[in-house]
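Working notes for the structure below.
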Amino acid sequence: MTARATAGTTLRATAQDGTHPRPTLIRESWTSLDGTWAFAHDDEDRGLAEHWFTGGTAGAGGSTDAGGAAGADGSAGASADRPDPLDRQIRVPFVPESEASGIGDRGFHPVVWYRRTARVSPPVGHRALLHLGAVDHEAMVWVNGRLAGQHAGGQTAFTVDLTDHLADDGTAVIVVRAADDPHDVDLPHGKQDWEEKPHGIWYDRTTGIWRSVWIEIVPDQHVTAFTAETDLARCRVEVVVDLARRPRPGTRVRVELSSTTDRGTEQLGAIELDAVEPRVAGAVEISALRNTQARDRLLWRPGHPHLVDARILVLASDDDGADAGAGVVRDEAFGYLGLRTVGVDRGWFLLNGEPCYMRSVLEQGFWPDTHLTPPSADACREEVGLILDLGFNAARIHQKTEDPRLLFQADRQGLMIWGETANAYTYSPRAVAALSSEWAEIVAQYRAHPSIVTWVPINESWGVRDLADHPGQRQLALAMTALTRALDPSRPVVSNDGYEHTGGDLLTVHDYCTDPPRLRAHYADAAALERTITGMGPQGRRPVLDGASELGPDAPVMLTEFGGIAFAVAETWGYAVVGSEEEFTERVGGLFEAVTASPVLAGFCYTQLTDTQQEANGLATADRRPKLDAAVIRGFVTGEAGA
């Protein structure tokens with residue numbers, strides 16, 4: 001499939017029905033490689049030694065080897081001396097553990113291989129880029145038998161340049177090897193089970209390609225990233241544009257911001273900068289923000305998710321020596337941003353400088369047939385719509401990074417997101433390196449989404465289970481908070497969601513007391529809250545460690561996990577299990593009433609949105625059907641039940 005954007009109206013171009021794999025930075029055309037690929041498990045890890053990456057490669061002189069060339073569906077003919085080792089087919093981007101992939105094998109398979117042929121012919125002065133949305137955990141990529149790229153980190157996107165590996169006719173036989181040892185506790189597996197069958201709160205594993213794969217043709221010099229940070233006090237937007245290579249003299253970068261509504265398009269501001277380094281930064285003055293009594297129409301917030309279109313141009317001298325001022329466009333890309341600020345003050349979470357009560361739900365982001373990969377762009381739109389329909393204004397993405405297309409829907413529909421990552425299960429120097437390096441990539445790749453309002457690098461001391469008594473683990477929690485602030489000082493950071501805070505900007509508590517009166521007593525007033533957070537905590541872990549730095553007495557307190565009431569007809573798991581709709585209504589309603597009545601909490605996060613495999617404690621079933629009337633749940637969530 002080749003998709004084409006509509007230049008000029010960037011937000012509409014970005015949307016493309018929500019199908020673009022990287023909606024925060026798009027160009028005029030892109031080609032999806034989702035679909036059928038050749039596939040094989042490699043349980044004995046023989047593929048490297050046996051050169052599985054050479055199957056179907058182009059022959060000598062760059063001509064395609066007719067006897068071994070892969071077809072459009074990724075199949076390859078067997079050679080005379082060896083059968084094709086990639087003799088199965090898989091539907092990318094769905095993982096082989098899922099039914100949607102066509103494989104549906106949930107056993108232990110730590111190494112897998114993929115192959116697909118593409119034909120691309122980049123014009124002179126252009127590059128053909130292969131984008132892989134995420135491959136869990138380590139990936140090697142060959143093009144026509146030559147190693148073209150490697151990447152470690154199962155939750156982030158990476159890019160491989162195909163150009164210098166193409167055959168003369170533009171053929172690229174792409175082979176991907178993915179390795180993910182399910183028993184390697186140093187790696188950030190999140191909710192992936194180390195046992196063969198899911199148990200407790202752990203789910204089926206995710207191995208290999210689990211996000212979209214796509215090809216893009218770009219100029220040699222092009223934009224690789226665009227981010228923006230709103231400075232409301234100075235009525236401007238600070239923008240950063242990253243370029244693919246060191247710019248030649250005379251190269252300039254131009255950023256144009258506009259606002260499109262039913263009344264037409266309003267030009268908000270522009271800036272043109274000399275590109276001296278590959279990273280180009282400047283500030284776009286937004287005069288429309290100067291009237292502070294009228295600026296709300298431009299600000300992003302739940303209920304009013306206004307997005308601003310961004311057009312990014314790379315301008316350079318032409319071959320005749322004309323300067324960039326002549327308007328020679330080398331690259332044109334489109335993005336968007338939300339004019340909004342977030343912060344904390346006096347016990348409140350602030351959105352655009354004003355208190356914002358967080359009504360959040362825990363989002364596992366797991367679907368029955370596709371697992372951690374959303375089934376479709378429509379599913380992303382519907383997921384965000386469901387959360388909003390149930391009365392929530394935020395979601396905490398739990399132990400994973402979410403598909404950018406779902407985050408686009410959060411941007412577009414006005415849902416605040418807490419950005420999290422999968423954690424490891426142990427502490428070691430290797431685990432520290434894996435967490436910190438992948439987290440740095442996550443923040444860099446996801447910070448362009450205005451819906452993300454908070455960062456959570458560690459949850460419930462996962463991977464640092466002994467940090468209360470282990471200086472190294474305690475320093476890691478401190479370091480991850482500091483690293484996050486260094487990478488993105490514009491958003492609050494939770495140092496360790498749930499308990500054992502070492503610092504950060506929010507004090508978050510997990511409390512799975514399932515008796516409404518007892519839960520209410522924990523947060524009834526300031527004195528009750530003091531008892532809760534200064535003792536051993538509801539989960540038997542100190543909410544705040546002694547000597548926690550930078551977590552002051554005015555930090556907002558949020559109950560970021562509670563509930564967990566399971567109601568299902570089959571065998572299930574939950575923090576409490578009820579047997580009827582009436583009991584479910586009474587228990588869930590009582591817990592919400594206990595929390596929303598608290599005068600000292602700045603927000604909450606209910607566990608959880610949907611049933612997920614054996615963990616049937618969702619407000620909705622695994623196929624996204626609310627267990628109660630949506631209006632009833634909305635009344636619980638908003639505190640307006642019975643009003």
Side-chain angles (χ1 to χ4, degrees), residues 1 31-120 128 130 132 135-151 160 162 165-181 205-210 212-215:
M1 178 187 74
T31 301
S32 175
L33 292 188
D34 289 350
T36 304
W37 290 54
F39 176 80
H41 290 122
D42 186 9
D43 295 347
E44 298 178 6
D45 199 8
R46 298 183 291 113
L48 286 174
E50 296 180 359
H51 293 192
W52 288 8
F53 49 84
T54 62
T57 62
S63 61
T64 301
D65 181 354
D73 64 352
S75 61
S79 65
D81 58 346
R82 188 189 69 186
D84 183 5
L86 276 66
D87 58 356
R88 304 181 71 182
Q89 292 188 340
I90 189 170
R91 184 184 171 206
V92 167
F94 305 118
V95 295
E97 290 89 350
S98 72
E99 295 299 325
S101 71
I103 302 296
D105 187 336
R106 303 181 181 186
F108 294 126
H109 300 290
V111 180
V112 294
W113 290 76
Y114 301 79
R115 186 179 60 241
R116 171 78 181 257
T117 290
R119 289 180 174 84
V120 290
L130 174 71
L132 296 101
V135 181
D136 199 3
H137 174 76
E138 298 177 4
M140 303 175 71
V141 182
W142 291 264
V143 179
N144 292 333
R146 298 167 62 186
L147 184 64
Q150 301 183 69
H151 182 261
V160 174
L162 303 176
H165 305 283
L166 297 174
D168 289 346
D169 64 353
T171 297
V173 180
I174 301 162
V175 177
V176 179
R177 175 188 184 270
D180 185 22
D181 184 349
R205 286 166 292 284
T206 294
T207 304
I209 298 172
W210 66 289
S212 288
V213 183
W214 52 291
I215 289 177

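Bear in mind the structure is a predicted one, so any value in this text is a computation, not a measurement. Quick note: numbers below take in every heavy atom, side chains included, and nothing from hydrogens, waters or symmetry partners.
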Can you give me the closest heavy-atom contact between [X] and [Y], atom names plus distance?
{"X": "R46", "Y": "W52", "result": "NH2-CZ2, 4.0 Å"}
{"X": "A128", "Y": "V120", "result": "CB-CG2, 4.0 Å"}
{"X": "A178", "Y": "G208", "result": "CB-CA, 3.6 Å"}
{"X": "L33", "Y": "A118", "result": "CD2-CB, 4.2 Å"}
{"X": "D180", "Y": "T206", "result": "OD2-O, 3.1 Å"}
{"X": "S212", "Y": "P93", "result": "N-CB, 3.8 Å"}

Donor-acceptor under 3.5 Å (Y114 side chain, I209 main chain): yes
Are the side chain of D34 and the backbone N or O of V213 linked by a donor-acceptor pair below 3.5 Å? yes
Does the gap between the ring centers of W142 and W113 come in under 6.0 Å? yes
Can you name the side chain to side chain contact (heavy atoms under 4.5 Å, CB included) partners of E97, sequence neighbours left out?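 For E97, the residues satisfying side chain to side chain contact (heavy atoms under 4.5 Å, CB included) (neighbours in sequence not counted) are V95, R106, R205, T207, H371.
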Test of understanding: with side chain to side chain contact (heavy atoms under 4.5 Å, CB included), list the residues that count as partners of H109, not counting sequence neighbours.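 Checked H109 against side chain to side chain contact (heavy atoms under 4.5 Å, CB included); matches are H41, D43, D105.
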Looking at CZ of F39 and CD1 of I103, how far apart are the two atoms once the value is rounded to the nearest 0.5 Å? 5.0 Å
Between D45 and R177 (salt bridge meaning N to carboxylate O under 4.0 Å), is one present in this structure?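 Salt bridge: yes.
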